[in-house]
Colleague: 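Take this structure, written in structure tokens, and hold onto it; I'll ask about it next.
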Amino acid sequence: MNNQALLFRRNKEAVLAFGILLLILVLFALNQNDFFTRYGPQSIFNQVITLSIASLAQTLTVLTKGIDLSIGSMIGLTNSIAATYMEPISQKAGSQAAGILLTVIIVLAAGCLAGFINGAIIVYGRLQPIIVTLATASVYGGIALYIRPTPGGMVPYQYTEILTGRIFDILPASAVVLAVFIFLVWFPLRRSSLGQSLYAIGGNEYSAFVSGINIDRTKLWAYTLSGLFSACAGLLLTAQTASGDPLGSSLFTLNSIAAVVLGGTSLAGGKGGYMGAVAGASILSLVLGLLIFWGVPSFYQNAVQGVILLLALSVGLLPKIKIKSLQRTG
Amino acid sequence: MNTEMVKKNPLHSKITVSVFHKYGVLKIYVTMVSIYIISGIIQPQYFAVDHVMQLLVIASFLGIAAIGQTLVVLSGGLDLSIAYTLNLGAVIMTQVSIEHGGVAAFAAVLAAGIFIGAFNGIGISYLNISPIIMTLAMSSILKSITYVYSNGNPKGASPDWLRFLGTGSILGIKTAVIIWIILSAAVVVLLVKTTFGRKLYSVGTNTSVSYLSGIQNKRLIIMVYILSSLFSVVAGMMLVGFYGLSHLGMGDSLLLPTIAAVVIGGTSILGGKGGYAGTAAGAIIIYLLMSILTVLDINDAGKQIIYGLVILFVLFLYGRGKAVRL
């Protein structure tokens, strides 16, 4: 079998996700009047970027056969920190640019710390990720609520402009951010020994252990990076909403899982990748825009997302069922 | 338990032991009583019988919903659709009862529960969709159905008999608590004394071994999710009886606590170990804790933080796994 055919077989679900995404984009082109102007791509990428980055966080933990239910809370926490402290820090620092930079560094450090705490409890406490991150989600959500008891706050106009505007008036900034995460973060990570270890642990933890992979350290990295990328998503969300909402980000947790699974990454670990998750996140975000174009009442949004998820998974599973029934009879 | 019996009937003895001794149900009840005594020291009114009854009533709704979660977790799955199954059940209850009467509403709610559970179960067992994803997608769909069906504003009210079940009392004991006790007893018997219960533990422990032992895993899984949905809609109906009406988002605050109650109750999130006796105590512990935090005048932020820390603390006490070793 040649390389390309193998690549296709391995990524069948991701290919399906990109197919659905293409269909949605065609529908967008038909419905959105300014689709082919410079505003079209800008609005599309702004809609998909936050969930796409949150899905990278989820992908890393799911690959190790874990899960991170605290992503929404970490996004809410970092969003609250950024929206609350960016202005005061800018004033103290004396310059807008220095203030923004300093806040970004603080936020990313907070995300790393939150993720590291998740990882340390899971690894050294030898506890199940699903329940640990459920508990820490409550803790991080509480801290966010402490920092910002009510939604609000503000960020400098320039900050919003940098992350949601256009570069040289043509290239959407969100597209650049997404490209950076795909080509400068995901691909190098995938090829690094850490990336290989993530897949190995998800495939079979015992075999990975016997092969000399440091399981504790790999998992610690997975959750720490998950926290870091959640903080990135929090920063992007702050730029888009220009305010902070401590609890408004809880949907990101479940949507990131849905995006990852829609993109063909198995919750059983060791299989899949980030590219599919980007497609999954884009589908889940853009389908809402499509429903608005068509004037569908917002009540139906959740059902459409749920049905797409189930249909995509069922189609992906059909060949497997066939094989199984053959095995049983034969 | 004598050793001879253990040899003769390993499965039987293992389950009996697991329910009553091995997984520390006693430890959970000691924790519960200690927290109760602490709450009483902080706020002496909490020793009053009235307060205990009120606490049990509040805990009963979570407790009933957590029965389903316990069964699902024991089978090695997770049910994230509990909140909206409960909400849809509650909305059907009030909306159908104004037009067709309480009995028809009751039947419609149970039918909805069975249908939702069967759908979950079939997706998980026959389409091999992971339980988290299946119930997550189901939850999204149910949320839409609930909003569309109620048009964003649920109508109707609780029938009188349900109002009695939710708020009345018999011989000084609140009916909601009595119903919780009856359902708890039924599910403990189901888990410990019936073949269904033993098969459930077996599937949760090891799916392939259970399949090779002649257990029809798929049928069992479907049954488990149907039961889970049924307990969710029953909890929804009890809440309708308690509040007198239904509203949107009724179950939102109950989903994560059902999982927390199961875990605090000593049931392994990996399946196959634990039981309902612990979960019931877990549900009470959650509300005891909330009432202490309320008395101490801790704000929502603090409550959330402490709630998360307590779950972590409990996990450290008895949720630890084995290290990977050669």
Side-chain angles (χ1 to χ4, degrees), chain A residues 67 69-70 73 121 125-132 134-149 205-206 208-210 215-216 246-247 254-255 257-258 260-262 266-268 297-311 313-314 317-318 320-321 324, chain B residues 73 78 80-81 84 119 123 126-134 136-152 252 256 259-260 262-264 268-270 298-316 319-326:
Chain A
I67 200 160
L69 296 184
S70 68
S73 292
I121 297 174
R126 296 205 297 271
L127 295 170
Q128 283 305 311
I130 186 164
I131 191 74
V132 168
L134 191 67
T136 56
S138 178
V139 175
Y140 300 152
I143 298 173
L145 208 55
Y146 181 76
I147 291 172
R148 175 142 283 294
E205 192 165 321
Y206 185 73
F209 179 76
V210 192
I215 290 177
D216 289 358
L247 304 176
L254 298 180
N255 279 348
I257 299 172
V260 166
V261 173
L262 199 51
S266 158
L267 282 188
S298 60
F299 290 164
Y300 292 91
Q301 287 177 356
N302 291 297
V304 172
Q305 286 181 329
V307 168
I308 289 180
L309 187 58
L310 287 187
L311 282 183
L313 287 178
S314 313
L317 287 163
L318 282 180
K320 279 186 204 158
I321 292 169
K324 261 195 184 161
Chain B
V73 170
L78 198 65
L80 297 181
S81 64
Y84 279 95
F119 207 87
Y126 283 97
L127 294 177
N128 254 332
I129 298 174
S130 115
I132 294 177
I133 294 298
M134 183 67 214
L136 176 63
M138 181 53 109
S139 175
S140 293
I141 294 169
L142 290 176
K143 186 174 181 181
S144 281
I145 292 177
T146 310
Y147 276 65
V148 171
Y149 175 59
S150 65
N151 208 6
D252 282 1
L256 298 183
I259 303 174
V262 167
V263 173
I264 292 175
S268 162
I269 200 86
L270 297 175
I298 288 172
N299 60 11
D300 279 355
K303 269 186 197 166
Q304 274 209 31
I305 295 172
I306 293 172
Y307 182 57
L309 291 178
V310 166
I311 295 176
L312 285 177
F313 178 71
V314 171
L315 285 174
F316 274 113
R320 300 192 69 190
K322 287 193 189 105
V324 180
R325 299 244 186 279
L326 277 174

Colleague: Looking only at heavy atoms and a cut-off of under 4.5 Å, which of B:I311, B:L78, B:L312 has the most pairs with chain A?
Modeller: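 Sorted descending by pairs with chain A, the first entry is B:L312.
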Colleague: Roughly how far, to the nearest 0.5 Å, is the CD1 atom of A:I308 from the OG atom of B:S140?
Modeller: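 Rounded to the nearest 0.5 Å, the OG-CD1 separation comes to 11.0 Å.
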Colleague: Can you say whether A:V261 sits under 4.5 Å from chain B via the side chain, the backbone, both, or neither, judging by heavy atoms?
Modeller: side chain
Colleague: Ignoring hydrogens, what is the shortest heavy-atom contact between B:S144 and A:A303? Give both atom names and the distance.
Modeller: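 Looking at all heavy atoms of both residues, the closest pair is OG-N, 2.7 Å.
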Colleague: Could you look at A:L262 and say if it's the side chain, the backbone, both or neither that has a heavy atom under 4.5 Å from chain B?
Modeller: neither
Colleague: On a heavy-atom basis, which atom in A:G142 and which in B:A301 lie closest, and how many Å separate them?
Modeller: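 Answer, listing the atom of A:G142 first, then B:A301: O-CB, 3.2 Å.
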Colleague: Exactly one of B:V148, B:I145, B:T146 should register a side-chain contact (heavy atoms from CB on, under 4.5 Å) with A:F299. Which one does?
Modeller: B:V148
Colleague: Looking at A:I147, A:L134, A:D216, which makes the most heavy-atom pairs under 4.5 Å with chain B?
Modeller: A:L134
Colleague: Just how far is it from atom CG of B:N299 to atom CG of A:L145, taken to the nearest 0.5 Å?
Modeller: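 Taking CG in B:N299 and CG in A:L145, the distance rounds to 7.0 Å.
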Colleague: Please classify the contact between B:I132 and chain A as side chain, backbone, both or neither, with a heavy-atom cut-off of under 4.5 Å.
Modeller: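 Only the side chain of B:I132 comes within 4.5 Å of chain A.
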Colleague: Between A:V132, A:I257, A:T136, which has the largest tally of heavy atom pairs under 4.5 Å with chain B?
Modeller: A:V132
Colleague: Measure the CG-CG distance between B:L315 and A:L127 for me, rounded to the nearest 0.5 Å.
Modeller: 5.0 Å
Colleague: Roughly how far, to the nearest 0.5 Å, is CG of B:L80 from CG of A:L69?
Modeller: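 Interatomic distance, A:L69 CG to B:L80 CG, rounded to 0.5 Å: 8.0 Å.
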Colleague: To the nearest 0.5 Å, how far apart are CE in B:M134 and CG in A:L309?
Modeller: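 The distance works out to 9.5 Å.
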Colleague: Check whether any side-chain heavy atom of A:L310 lies under 4.5 Å from a side-chain heavy atom of B:I141, and answer yes or no.
Modeller: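 In short, these two side chains touch, coming nearer than 4.5 Å.
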Colleague: With rounding to the nearest 0.5 Å, note down the distance linking CG in B:L270 to CD1 in A:I131.
Modeller: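 Nearest 0.5 Å value for the CG-CD1 distance: 11.0 Å.
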Colleague: Counting only heavy atoms not in B:Y307, do more than 12 sit closer than 6.0 Å to its OH atom?
Modeller: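 Above 12, so yes.
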Colleague: Does any backbone or side-chain atom of A:L254 lie under 4.5 Å from a heavy atom of chain B? Answer side chain, backbone, both or neither.
Modeller: both
Colleague: Answer with side chain, backbone, both or neither: which region of B:L142 has an atom nearer than 4.5 Å to a non-hydrogen atom of chain A?
Modeller: neither
Colleague: State, yes or no, whether a side-chain contact exists between A:I143 and B:Q304 at a heavy-atom distance under 4.5 Å.
Modeller: no
Colleague: Under 4.5 Å heavy-atom distance to chain A, tell me which part of B:L309 shows up: side chain, backbone, both or neither.
Modeller: both
